[in-house]
Amino acid sequence: MTTNTLTKKQTAAMLLAVRKVKELEAQKKALEEQIKENTSLIKELMESKQIEEVQCGEFTVRWAAMAASRFDTTTFKKEHEELYMQYLKPSTSKRFSIK
């Protein structure tokens with residue numbers, strides 16, 4: 001970890017940006033909750049009418065079951081651990097956080 005090498009002006013600019021990020025994150029959380037509530041309402045209406053697709057104004061709304069096949073890494077690792085380890089690929093990333 002490096003020490004603080006920012007000037008007072010840079011520190012003030014960073015503090016302003018951090019506060020803005022925190023404010024926007026709060027707004028994002030509120031918007032995501034509104035999206036979740038409205039999506040639930042749409043799904044409930046479609047479920048009650050037993051419809052998978054409906055034309056609603058300029059929008060086509062679909063809520064239907066879809067089949068998919070996914071690779072079960074947990075079981076594969078358990079049953080073929082050596083082979084699993086052979087194909088692991090190390091990676092490095094940077095994490096950004098504001099506490």
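Below, each value reflects all heavy atoms present in this structure, side chains not excepted, and no hydrogens, waters or symmetry copies. Source: prediction; values computed, not measured. Each residue takes its place number in the sequence, starting with 1.
- We find the NZ-CE distance between Lys9 and Met14 to be 15.0 Å, quoted to the nearest 0.5 Å.
- Closest approach of Glu52 and Ala65 over heavy atoms only: OE2-N, 4.5 Å.
- Checked for salt-bridge contact, Lys28 and Glu25 miss the test: no charged N lies under 4.0 Å from a carboxylate O.
- Hydrophobic clustering (side-chain heavy atoms under 4.5 Å, transitive across Ile, Leu, Val, Met, Phe, Trp, Tyr) keeps Leu45 apart from Val54.
- Note that CG of Leu88 and NZ of Lys77 are 7.5 Å apart. Values are rounded to the nearest 0.5 Å.
- Tracing side-chain contacts under 4.5 Å through hydrophobic residues (I, L, V, M, F, W, Y), one never reaches Leu15 starting from Leu6; they form parts of separate clusters.
- No more than 12 heavy atoms of other residues, nucleotides or ligands sit less than 6.0 Å from atom NZ of Lys29.
- Judged by distance alone, the side chain of Gln55 and the main-chain N or O of Gly57 form a donor-acceptor pair under 3.5 Å.
- The structure places CD1 of Ile42 at 12.0 Å from CD of Glu37, a figure rounded to the nearest 0.5 Å.
- With rounding to the nearest 0.5 angstrom, the CE atom of Met85 is 10.0 Å from the CD atom of Glu82.
- Atom CD of Glu53 sits in a crowded spot, with more than 12 heavy atoms from other residues, nucleotides or ligands closer than 6.0 Å.
- Counting only residues at least two apart or in different chains, ring pair (Phe, Tyr, Trp, His ring centres under 6.0 Å) contacts with residues 76-99 comprise Phe71-Phe76, Phe76-His80.
- For the atom pair CD (Glu81) and NZ (Lys78), the distance works out to 11.5 Å, reported to the nearest 0.5 Å.
- The pair Glu23-Lys20 meets the salt-bridge criterion, since a charged nitrogen lies less than 4.0 angstrom from a carboxylate oxygen.
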